[in-house]
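For clarity, every value in this text was computed on a predicted model and none was experimentally measured. Atom set for the values below is all heavy atoms of this structure, side chains included, hydrogens, waters and symmetry mates excluded.
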Amino acid sequence: MPLWEGLPLTEDRVLDVEDLAVHFPIKANAAQALGRVILRRLLASRTEGDDRLLHPRVHAVDGVSFEVRRSEILGLVGESGCGKTTTGRAVLRLVEPTQGRIFFEGVDITRKKESELRSLRPRMQIVFQDPHAALNPGMTIGRAIMDPLLIHETPSEAEAKDHALRAMEEVGLTPADDLFSKYPADLSGGQQQRAVLARAIILRPSLIVADEPVAMLDMSIRAKILELLLELRDRHGLAYLFITHDLATAKFVCDRIAIMYLGRIVETGPTEAIFRDPKHPYTQALLAAIPVPEPGRVREQTLPRGEVPDAIFPPAGCRFHPRCPVALPTCGWEGRDFIDYLEQRHLDPDLARVDDVALGPVEGWRAALGDCRRGRVQDPRAVAAYVLSILGQAPKALAEAITGVDAEEREVVIRFRAPDTLKPKEVEGRIVECLLY
Amino acid sequence: MSEVVLEARGLKVYYRTKRGPVRAVDGVDFDLDLGETLGVVGETGCGKSTLGKAILGLLPPGTHTEGSLTFRGQELLHLKPSEFRKLRGKEIALIFQDPMTRLDPLMTIRDHFVETIRVHKPEVSKAEATERAAEALRAMGIPRSRLNHYPHEFSGGMRQRIMIAMALVLRPSLLIADEPTTALDVIVEAQILDILRDLKKAYGMSLLLITHNLGVVAEVSDRTSVMYAGRFAELGPVQDVFRRPIHPYTQGLLASTIHLQTKELRSIDGLPPSLLTPPPGCRFHPRCEYAKEICEVEEPAMIEYRPGHFASCHFGRDFL
């Protein structure tokens, strides 16, 4: 079911994605490779008693919905590990979706067999970051570009060559006759990416997933490739799912942008609106953090502390809450956030000493989803009282999310309120997933 | 008069290859003062990383060097490897793009620090070294409790903080940072840049920042040099170079950089030349829209067009 609009699928849409999730199981041997000790430490310190522990999975993509219209460039923007690449692959069925539905040109392709997908494949293409790796070093450029045609259609050799030469002209790989018989190693990075694009368009696709198509190219060449993408769109009505970590590039080419964080889309909207007035605190932080070639600029916003948490146990509630400068008590505070707070205090050697005496080492705390506890305590009441006393200096939202600090028999338990449900909401022409709105 | 920490005069570094010498650095002059940050910016293959390697004595054996490169008056180009080892890590420290490949996966963070400190200062006890490590980590926002952790237990940004803490623990007077934030995400990158900027104040050391990212240079540097095909195209105060660039390559590079204020995309035609066979005259002339005859034959000298602002362009005056 679409999350925010019940619009029927129309001809106008090339791609419709509803509530897509891709989870990767952590294989037993991978867990062993991690080392049992480390695994145990990871599990114990984070989320004890969580049933996710029995089947730990990487929540690479965890419920995203979006659509791409004909001739539209939708940017999927986020930091590494946010799930943008996995999303791009899943919509082409290059990785298997765990949940949700994918419609390509109105056809539900979520569960189609590869043999059934084959007739659709020419119309959905992908372009990767590294053109050098995407081209077979032993195949001439011409051969590489003709290849999809020879696989999917049955042209004569002369027809195929003719098509390929025209595709090369179109992407600016000229003189085409000359370059046709060259090998990838003879071409510069920019020319290689042009060859990859020629190969992608030769079957006249309606959608190209472009995964960081200019990230490996030098600055002075990037602009040309981006312009080429725009030209191809204008000429053929191509749609792109443009995946990038670079907001500036996204701003330049995309019509709309979806900002991803840890498997979720936190904000979607017209490019212009998102850059003029970002609504989600994460979008705001991302925009503020970009280094600008403008010496003397002073950043107005404080940076979110820390880094993106791992996607095996994503934070409860809003996934950005532990780093969010404007988080509310209802955003999903949980046991490990309290442990994080204790670790922060440990940066001050004086506080660390006092805390260690009163609370014991940080490692003694066990966090679960709704609470945080420490067992084998001599005097639980004294510990509980100390916890209460330091909550005054804690981030306000965290302190207010705590519903009780209880001294039980030889154990101290800190309980948290349940997070409010996050729903994508329309805010001034964009969709935002944040409790502030 | 401020103290010059690093001085390069006519510095040339040629790699030996079967196809002939690769002129990675081909006649570079600059000074770096104590407490100053110089950002060296350029595209792939312009020679910027070679410059860093030369300062650190990490050039492959047999590499041809010319000119002079002095660190606090000491000539670095003819230093023996054993002498370089005494400087490197202690007087001249370095941080790289990918911290994971520079940390030993089988050693705890404490062991890394203890080894780093005791290689240069064997008189320091292990306990004392641990104390210094804890202090250095704390300054980078990493609690002492993580001293016994292994590199893989840290995130990318934390590893880079650990690298910085390790680089600084012996109080070097010069830090070389080669693409220190390129492998990091934008928010973590901004965090690390804040740290690098604050270091100057806290430690009063010099920083040579090597990067392809103009934004990074603008945020951290006092002065910047733009490198093209083994030479400096331009060198000057960061404000001047970014706001009033003189060299057509700098102008082109700034115009082709996509940033949030970009209105119109521009690019520089052509490709950087091969360093095996650089073009005669000005190395940028085949791609330069203003090139005239003289540019094809005569190599432009670095001319001071404004106080402290140099450019190697025959027609620099036209762009003032």
Chemist: Among P361(A), A250(A), P291(A), which residue has the highest count of heavy-atom pairs closer than 4.5 Å to chain B?
Modeler: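 The option with the most such pairs is P291(A).
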Chemist: Between I290(A) and chain B, which part of the residue has a heavy atom less than 4.5 Å away: side chain, backbone, both or neither?
Modeler: both
Chemist: Are a donor atom and an acceptor atom from the side chains of E294(A) and H259(B) found within less than 3.5 Å of each other?
Modeler: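 There is no such pair between these side chains.
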Chemist: Using heavy-atom distances under 4.5 Å, tell me whether Q344(A) contacts chain B through its side chain, its backbone, both, or neither.
Modeler: neither
Chemist: What residue in G81(A), P295(A), A248(A) has the most heavy-atom pairs under 4.5 Å with chain B?
Modeler: P295(A)
Chemist: With no hydrogens and no angle check, do the side chains of R161(B) and Q191(B) hold a donor and an acceptor under 3.5 Å apart?
Modeler: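 Judged by distance alone, the side chains do pair up.
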Chemist: Under 6.0 Å between ring centres, would you say that holds for F310(B) and F232(B)?
Modeler: no
Chemist: So which of R138(B), E135(B), E189(B) has the biggest tally of heavy-atom pairs under 4.5 Å with chain A?
Modeler: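 Highest number of pairs under 4.5 Å: R138(B).
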Chemist: Using a cut-off of 6.0 Å, state whether more than 12 heavy atoms not belonging to R19(B) lie near its atom CZ.
Modeler: no
Chemist: State the OG1-CG distance between T211(B) and D178(B), to the nearest 0.5 angstrom.
Modeler: 8.5 Å
Chemist: Which of the residues A352(A), G296(A), P304(A), A288(A) is involved in the greatest number of heavy-atom pairs with chain B at under 4.5 angstrom?
Modeler: P304(A)
Chemist: Can you check whether anything in residues 222-231 of chain B gets within less than 4.5 Å of chain A, heavy-atom wise, and list it by number?
Modeler: none
Chemist: Between T108(B) and N148(B), do the side chains contain an N or O donor and an N or O acceptor separated by less than 3.5 Å?
Modeler: no
Chemist: Under 3.5 Å, is there a donor on one side chain and an acceptor on the other for R323(A) and Y261(A)?
Modeler: yes
Chemist: Establish, from distance only, whether the side-chain atoms of E267(A) and T283(A) form a donor-acceptor pair under 3.5 Å.
Modeler: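 Short answer, yes.
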Chemist: Show, in sequence, the C-alpha distance, side-chain angles and deciding distance for Q97(B) and T182(B), and conclude whether the side chain to side chain donor-acceptor pair (under 3.5 Å) test is met.
Modeler: CA-CA 6 Å; Q97(B) 175 170 344; T182(B) 304; 4.7 Å; no
Chemist: Who wins among L184(B), N213(B), D194(B) for the most heavy-atom pairs under 4.5 Å with chain A?
Modeler: D194(B)
Chemist: On the ring face of F154(B), is R146(B) found with NZ or CZ under 6.0 Å from the centre and within 45° of the axis?
Modeler: yes
Chemist: If you count heavy-atom pairs within less than 4.5 Å of chain B, which of G306(A), A285(A), P293(A), A289(A) leads?
Modeler: P293(A)
Chemist: Any side-chain donor paired with an acceptor under 3.5 Å for E79(A) and H245(A)?
Modeler: no
Chemist: Counting heavy-atom pairs under 4.5 Å with chain A, which one of I142(B), L260(B), I268(B), L214(B) comes out on top?
Modeler: L260(B)
Chemist: Given a strict heavy-atom distance threshold of 4.5 Å, which part of R345(A) is in contact with chain B: side chain, backbone, both, or neither?
Modeler: neither
Chemist: For each of E227(A), R222(A), E343(A), tally heavy-atom pairs with chain B at distances under 4.5 Å, and name the one with the top tally.
Modeler: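 Option with the greatest count: E227(A).
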Chemist: In terms of heavy-atom pairs under 4.5 Å, which option from V362(A), D348(A), V308(A), V292(A) contacts chain B the most?
Modeler: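 Heavy-atom pairs under 4.5 Å are most numerous for V292(A).
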Chemist: Give a yes-or-no answer on whether the side chains of H212(B) and E43(B) include a donor-acceptor pair shorter than 3.5 Å.
Modeler: no
